[in-house]
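The structure appears below as structure tokens.
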Protein chains: 2
Amino acid sequence: MERKARAAQTEAALKAAAQRQFAERGYLNTKITDITTAAGRAAGSFYQHFASKEDLLQALLADMHGQASQVFDDDGPAHDLTDPAQLRQHLAAAWQVMRDNRPVVTALFESALAAGPASGELWKRLTGDTVVFRDHLRDLQEQGHALPGDPVLVAAAMGGMLSMLGYALLPVTPGAPGPTDAPSAADGGRPGYPDAQVVDTLASLLLYGLAGPGERGAVSPG
Amino acid sequence: MERKARAAQTEAALKAAAQRQFAERGYLNTKITDITTAAGRAAGSFYQHFASKEDLLQALLADMHGQASQVFDDDGPAHDLTDPAQLRQHLAAAWQVMRDNRPVVTALFESALAAGPASGELWKRLTGDTVVFRDHLRDLQEQGHALPGDPVLVAAAMGGMLSMLGYALLPVTPGAPGPTDAPSAADGGRPGYPDAQVVDTLASLLLYGLAGPGERGAVSPG
DNA sequence: GTCTATACTGGGATAGAC
DNA sequence: GTCTATCCCAGTATAGAC
């Protein structure tokens, strides 16, 4: 195999190793050498491919965007987040993206947070990641629907809820205690809520709130 | 002034300086020397009072608990989180605590997050900080009220929403762009939502969801 | 108790051989 | 391109004078 291919292979190995390390140790705790040794490469080789850890993270983000772009092209009919099925669908999609890209998503979260409260990085991330929600909420508003508040704020609140639970609950190992039904006490003492339960709960909470659907009936009636 | 008083004074200065630095730079970015120089003390003096930055943070937490303990002794009549006034009251109290102790609260947040996803620290924090919500939700459940899901999960979701928005939105400077009415673009590019707006929005969202109160009428009718 | 000065360490980044 | 070896700095923590 030629040089170019070898280089690409090394870069891929570094990326893969980084994802594993980020998931296990967290982005902030992961050292460059952790990545290189996990990838079976020399420390110096890292800089042949990435300028820094942050640079690597951006590369992973680009990869993720490339893959997951088609997931979110919801160009269906008029959206209505107050439709139980549609809201659930949106939340499930968001949750799935977080699950599928947990290392990157959580690393971005850690990175934004490490920038400090005054930097506004977290707010940028929060609003940036919730443009879909925000736009759909604006649609609702324009159709005369009364929202709980400013679409930007409501969308950010929803996103904050999601990211926080994703960071705290999603299992570190890609597919281990996730879709199981038993809340296993392993994995750092965190409970292993099944994906469906989390999504159902959030959908119900965000749609009808703590008061419940009232006269309208349950969330998933049929 | 005697030695003991001088020592206490230095310790207080270090604590105060730490709070300022945590707010400005973020907990993770704050170095020991940042604190000592901000306090006008020598670097070495720090260790006379605290074993580490983490130790200092715990001391600040203890101080905070001492002050804010009376805020949360809500021993009134039977609680009902589905009562608009009570829910709003609870959220307002939580928001106020975050505002009053922003440096400490956000530092704890950063600290828990830096421990990495696998540590479960964030989940512990999330559940620990929402015991009040959780208990009240359990009360509701025992009274036959149907909740959106497991009380622990719902409480954590509420708490996640709150902490995230608190971290992202609360102003760095104790009282500057907070209760103003104009969303100033200063302060790191973050909007300055008035406290009341945030609390109202969250109360409305959490009580009736995106669908709104329906037949029940608005959240604050009178 | 507080200071100044310094030892020590982890980890980022580079130099140069292969 | 990848390796080994090393430099170098930031930051923690300590030693010892005052």
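Every chain is numbered from 1, with letters handed out A, B, ... down the list of sequences. What you see is a predicted model; the values in this text were computed from it and never measured.
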Name of the residue among B/Y167, B/F22, B/F109 meeting ring pair (Phe, Tyr, Trp, His ring centres under 6.0 Å) with B/Y27: B/F22
Rounded distance (nearest 0.5 Å) linking atom CD of A/Q19 with atom CD1 of A/I35: 10.5 Å
Interatomic spacing from CG in B/L56 to CD1 in B/I32 - rounded to 0.5 Å: 7.5 Å
Under 4.0 angstrom between B/T10 side-chain N/O and C/dT2 OP1 or OP2: yes
Residues from residues 14-22 of chain B lying under 4.0 Å of DNA chain C - heavy atoms: none
Near-strand residues of residues 34-60 of chain B, defined as heavy-atom separation under 4.0 angstrom from DNA chain D: B/G44, B/Y47
Taking all non-hydrogen atoms of both residues into account, name the closest pair between [X] and [Y] and its distance.
X      : Y      : answer
A/P191 : B/W123 : CD-NE1, 3.1 Å
A/L205 : B/A157 : CD2-CB, 4.3 Å
A/A114 : A/L28  : CB-CD2, 3.8 Å
B/P117 : A/G26  : CD-CA, 3.5 Å

Rounded (10°) bend between the five-pair end axes of the helix from C/dG1-D/dC18 to C/dC18-D/dG1: 10°
Whole-Å distance separating the CG atom of B/N29 from the P atom of D/dA10: 15 Å
Nearest-angstrom distance from the residue atom CD1 of B/I32 to C1' of D/dA13: 9 Å
Under 3.5 Å side-chain donor-acceptor pair for A/Q67 and A/D63: no
Distance-only side-chain donor-acceptor flag, A/R41 / A/T10, under 3.5 Å: yes
Per A/K31 side chain, nearest of listed nucleotides D/dT2, C/dT2, C/dG12: C/dG12
A/H90 and A/F133 aromatic ring geometry - parallel, tilted or perpendicular at 30°/60° bounds: tilted
